[in-house]
Protein chains: 2
Amino acid sequence: MKLATEDFDRISKALADPQRCAILQKLAMTGKLNCSDVGAFFDVSQPTVSHHLKELATAHVVEKEKQGQFCFYHVNNEVLSAYVSELQRRLGLNAILAAPRAR
Amino acid sequence: MKLATEDFDRISKALADPQRCAILQKLAMTGKLNCSDVGAFFDVSQPTVSHHLKELATAHVVEKEKQGQFCFYHVNNEVLSAYVSELQRRLGLNAILAAPRAR
DNA sequence: TGATGATATAGATGTTCATCAATATGTTTA
DNA sequence: TAAACATATTGATGAACATCTATATCATCA
């Protein structure tokens with residue numbers, strides 16, 4: 001999966017806030033949480049949690065799933081993997097993998 | 001190599017600005033550049049380049065090497081690799097690698 | 001030593017953004 | 001339908017930050 005520059009930049013920014021990164025990490029660990037669950041783990045207001053989840057969703061690193069009055073969020077592993085790959089590519093960390101195969 | 005939380009956060013922020021990320025990418029591609037070289041690639045003022053390079057150096061993703069009146073910068077691959085590894089760990093992207101070996 | 005060139009610092013400015021209180025919207029249940 | 005609950009939105013505020021101009025520092029060279 002290939003990320004557009006715009007998407008890459010947005011994900012970088014989404015990860016740059018420690019609070020938001022912690023929320024994403026919690027989602028990665030637990031698999032799926034609703035807003036209240038997330039809020040229970042961190043000492044921030046409900047609107048702030050909602051804001052961070054929205055940013056993460058806008059960057060497509062999490063997906064939103066509405067179930068009745070609840071709203072579940074889970075990580076999008078495909079996008080996260082694509083982000084890490086692109087980051088490695090840009091930073092030249094995949095030189096060995098990208099090198100032409102010896103024969 | 002293990003990154004402290006503080007270092008991880010700082011690197012995330014260093015990568016969050018597209019201009020700074022582009023500078024880092026250029027350094028990764030070319031190996032080693034001085035300030036003027038970097039400035040020649042991007043349409044920003046000399047103090048801005050100096051500022052970005054300082055941020056990257058503070059985050060330890062690049063290293064500074066003074067040679068006379070010039071100042072060369074090159075990426076620190078060890079730190080960058082450690083960052084990507086820690087990111088993967090936090091995002092749960094290394095589940096397969098981390099799994100206990102089958103026997 | 002004085003001029004030129006490379007880089008860093010200081011200070012200012014406008015923008016982005018994390019956060020909150022208040023409120024709105026939508027959903028469930030008594 | 002009214003109350004209670006979950007989430008989203010609005011608007012405000014203060015902090016962080018990217019960028020610039022001006023200037024300082026330091027090294028080289030004529």
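Here is the naming used below: chain letters follow the sequence lines, and residue numbers restart at 1 for every chain. The model shown is predicted, which means the values in this text are computed figures rather than measured ones.
The salt bridge (Lys or Arg N to Asp or Glu O under 4.0 Å) analysis of residues 69-93 of chain A, with sequence neighbours excluded, yields the pairs A:K2-A:E86, A:E86-A:R89, A:E86-A:R90. For the salt bridge (Lys or Arg N to Asp or Glu O under 4.0 Å) condition, the pairs that include at least one residue of residues 57-76 of chain B, sequence neighbours left out, are B:K32-B:E65. For residues 6-45 of chain A, the ring-ring contact (aromatic ring centres under 6.0 Å, His included) pairs, not counting sequence neighbours, are A:F8-A:Y83. Every pair tested for salt bridge (Lys or Arg N to Asp or Glu O under 4.0 Å) that includes a residue from residues 39-59 of chain B fails, sequence neighbours excluded, so the list is empty.
A sub-4.0 Å separation between OP1 or OP2 of C:dA8 and a side-chain N or O of B:Y73 is present. Taking only side-chain nitrogens and oxygens, B:K54 comes nearer than 4.0 Å to OP1 or OP2 of C:dT9. For A:S50, no side-chain nitrogen or oxygen approaches OP1 or OP2 of D:dT9 to under 4.0 Å.
Per the geometry, CG belonging to B:L53 stands 12 Å off P belonging to C:dT9, to the nearest Å. If you take CD1 of A:I23 and P of D:dT7, they are 13 Å apart, rounded to a whole angstrom. Taking atom CZ of A:F72 as the reference point, atom P of D:dT7 lies 8 Å away to the nearest angstrom. In this structure, the CG atom of B:N34 is 10 Å from the C1' atom of C:dT7, given to the nearest Å. For the pair A:F42 CZ and C:dT19 P, the computed distance is 11 Å after rounding to whole Å. One atom, CG of B:D43, and another, C1' of D:dC20, lie 12 Å apart when rounded to the nearest Å.
Partners of A:S36 by side chain to side chain donor-acceptor pair (under 3.5 Å), not counting sequence neighbours: none found. Partners of A:T48 by side-chain contact (heavy atoms from CB on, under 4.5 Å), not counting sequence neighbours, listed by chain and number: A:V44, A:S45, A:H52. Not a single salt bridge (Lys or Arg N to Asp or Glu O under 4.0 Å) links A:R10 to another residue, sequence neighbours left out. Applying the ring pair (Phe, Tyr, Trp, His ring centres under 6.0 Å) criterion to B:Y73, with sequence neighbours excluded, gives no partner residue.
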Could you list all N or O pairs between the protein and nucleotides 16-18 of chain D that sit under 3.5 Å apart?
unit_1	atom_1	unit_2	atom_2	d
D:dA18	OP1	B:R20	NH2	3.1
D:dA18	OP2	B:R20	NH1	3.1

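Membership of the apolar cluster around A:F72 extends to A:F70, as traced through chained side-chain contacts below 4.5 Å between ILVMFWY residues.
Inter-residue side-chain proximity for A:L80 and A:V84 is flagged as unmet; no heavy-atom pair is nearer than 4.5 Å.
Interface residues of residues 57-65 of chain A facing DNA chain C, ordered by number: none; criterion, heavy-atom separation under 4.0 Å.
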Summary of protein contacts for nucleotides 21-30 of chain C, nucleotide by nucleotide, where a base hit scores B, a sugar-phosphate-only hit scores S (4.0 Å, heavy atoms):
BB---BBS--
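The nearest pair of heavy atoms linking B:C35 to B:L53 is SG-CD1, 3.7 Å.
At the heavy-atom level, B:V49 lies nowhere under 4.0 Å from the strands shown.
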